[in-house]
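Here the structure comes first, spelled out in structure tokens, and everything after it is commentary.
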Amino acid sequence: MTHVEQEPTPHTPAATADPAPLGLAAFALTLFLLSVKNAGWTDGTDAWLSYALAYGGLVLILAGMWEFRNRNVFCATAFSSYGGFWLGLGLYAVLIAGETTPAQEANDLGWILLAFAIFNTYMMLWATQVNQAVLAVFVALEATEIILFIGNFATSETTIKIGGYLGVLTAICAWYASAAGVINGMTGHTFLGVGKPLEHRLAPGTEHR
């Protein structure tokens with residue numbers, strides 16, 4: 001009787017762990033450090049700067065690249081873009097800001113924040129298709145960016161302080177969404193609620209976590 005060898009069954013590679021909680025945590029911490037400075041709560045220097053280059057920049061971009069691997073276009077775009085934002089802002093502070101006048105720096109920051117507010121506007125709209133926790137992050141972030149670019153264009157310390165308060169609120173929202181992603185992923189069920197998408201009209205097979 002002839003023995004026929006069977007081809008080994010190919011193994012499907014295991015899916016990567018969800019990088020979204022990492023990306024949200026990196027964004028939250030870096031934004032928190034910058035926001036407490038904007039709010040005037042700290043007597044320190046620029047602690048946010050090194051974290052903008054490392055945690056908020058590098059780690060956030062890595063999370064975005066892993067989201068491309070997960071075929072999650074929303075998180076991949078958001079994390080990679082805001083990782084670039086933090087790297088760009090950090091490099092601006094290191095390489096350029098020292099050569100400018102306060103008025104020039106405020107004008108530069110106003111345009112940077114305006115540009116990202118435009119980007120954040122459509123990401124905020126598409127966040128309605130993710131979940132309510134992520135939507136809260138983008139709504140709070142939209143308000144933060146708008147107030148901050150207005151404050152920088154007007155060189156208004158009071159307005160920038162308000163932007164700092166809103167930034168702290170945004171960081172808290174992002175930390176909550178990150179914490180929910182960690183514990184829900186660990187337990188396999190909803191321990192911390194994130195809410196459903198406001199309106200779900202995505203094609204089958206394209207749902208986001």
Side-chain angles (χ1 to χ4, degrees), residues 23-57 59-60 77-79 81-94 96-98 100-128 130-180 194-195 198:
L24 287 163
F27 180 79
L29 186 141
T30 312
L31 178 61
F32 177 80
L33 291 177
L34 177 58
S35 295
V36 295
K37 179 177 176 61
N38 285 337
W41 293 351
T42 175
D43 295 323
T45 55
D46 285 314
W48 67 273
L49 181 53
S50 57
Y51 285 86
L53 296 172
Y55 197 33
V59 172
L60 202 53
T77 303
F79 292 157
S81 296
Y82 276 106
F85 167 80
W86 287 118
L87 278 176
L89 189 62
L91 290 172
Y92 173 83
V94 172
I96 300 173
T100 64
T101 66
Q104 288 174 326
E105 182 179 351
N107 187 262
D108 289 343
L109 292 175
W111 283 107
I112 292 168
L113 289 161
L114 172 59
F116 269 90
I118 294 169
F119 164 73
N120 196 78
T121 298
Y122 67 80
M123 294 301 287
M124 177 182 65
L125 294 176
W126 309 155
T128 60
V130 184
N131 60 54
Q132 292 174 29
V134 170
L135 176 60
V137 175
F138 279 87
V139 170
L141 182 57
E142 182 79 358
T144 301
E145 290 174 343
I146 290 173
I147 294 299
L148 285 177
F149 82 65
I150 291 174
N152 277 281
F153 280 141
T155 60
S156 168
E157 291 186 8
T158 300
T159 306
I160 291 172
K161 280 186 176 183
I162 294 172
Y165 305 152
L166 289 171
V168 171
L169 175 62
T170 305
I172 291 171
C173 292
W175 264 323
Y176 176 86
S178 172
V194 295
L198 295 187

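All figures in this text were calculated on a predicted structure; none of them were measured in a lab. Atom set for the values below is all heavy atoms of this structure, side chains included, hydrogens, waters and symmetry mates excluded.
- To the nearest 0.5 Å, atoms CG (Leu148) and CD1 (Ile112) are separated by 12.0 Å.
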**Message:** Go through it in stages, so that I can follow the logic: the residues are Phe27 and Leu141, the test is side chain to side chain contact (heavy atoms under 4.5 Å, CB included), and I'd like the CA-CA distance, side-chain angles, deciding distance and then a yes or no.
**Reply:** CA-CA 11 Å; Phe27 180 79; Leu141 182 57; 3.7 Å; yes
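- For Ala47 against Leu33, the heavy-atom pair with the smallest separation is O-CD1, 4.2 Å.
- With values rounded to the nearest 0.5 angstrom, Ser156 atom OG is found 7.5 Å from Ile162 atom CD1.
- How far CG of Leu166 is from CD1 of Ile146: 10.0 Å, rounded to the nearest 0.5 Å.
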Pairs under 3.5 angstrom only: tabulate donor-acceptor contacts from the side chains of residues 81-94 to other protein residues two or more places apart or in another chain.
{"from": "Ser81", "atom 1": "OG", "to": "Thr77", "atom 2": "O", "distance (Å)": "2.7"}
{"from": "Tyr82", "atom 1": "OH", "to": "Asn120", "atom 2": "OD1", "distance (Å)": "2.8"}
{"from": "Tyr82", "atom 1": "OH", "to": "Glu145", "atom 2": "OE2", "distance (Å)": "2.9"}
{"from": "Tyr92", "atom 1": "OH", "to": "Asp108", "atom 2": "OD2", "distance (Å)": "2.6"}

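- Annotation: side chain of Val168 is in contact with side chain of Val36 (closest heavy-atom distance under 4.5 Å).
- Distance check: Thr158 OG1 to Ile147 CD1 gives 12.0 Å after rounding to the nearest 0.5 Å.
- Taking CG of Leu114 as the reference point, atom CG of Leu109 lies at 12.5 Å (rounded to 0.5 Å).
- Without hydrogens or angle criteria, Thr144 side chain to Ala140 main chain gives a donor-acceptor distance under 3.5 Å.
- Between the side chain of Thr30 and the backbone N or O of Ala52 there is no donor-acceptor pair closer than 3.5 Å.
- At a threshold of 4.5 Å between non-hydrogen side-chain atoms, the residues Ile160 and Asn152 count as touching.
- Partners of Glu157 according to the side chain to side chain contact (heavy atoms under 4.5 Å, CB included) rule, which considers only residues two or more places apart in sequence or in another chain, do not exist here.
- In this structure, Ala78 and Phe138 approach most closely via the heavy-atom pair CB-CZ, 3.9 Å.
- Of all heavy-atom pairs spanning Ala106 and Thr155, the tightest one is CB-CG2, 3.9 Å.
- By the neighbour-count criterion of 12 heavy atoms within 6.0 Å, atom CZ of Phe116 is densely surrounded, having more than that number from other residues, nucleotides or ligands.
- Between Ala133 and Ala177 the shortest heavy-atom distance is CB-CB, 4.2 Å.
- Within the 4.5 Å cutoff, side-chain heavy atoms of Phe79 are placed close to those of Leu24.
- Looking at every heavy atom in both residues, Thr170 comes nearest to Val137 through CG2-O, 3.7 Å.
- Using a 30° and 60° split on the angle between ring planes, Phe32 and Trp175 fall in the tilted class, from 30° to 60°.
- Note on residues 39-57: pairs passing salt bridge (Lys or Arg N to Asp or Glu O under 4.0 Å), not counting sequence neighbours, are Lys37-Asp46.
- Residues Glu142 and Ala117 approach most closely at OE1-O, 3.4 Å, considering heavy atoms.
- A ring-centre distance under 6.0 Å is not found for Phe149 and Trp111.
- Distance alone, capped at 3.5 Å, places no donor-acceptor pair between the Asn107 side chain and the Ala103 backbone.
- Expressed to the nearest 0.5 Å, how far CG of Leu135 lies from CH2 of Trp126 amounts to 12.5 Å.
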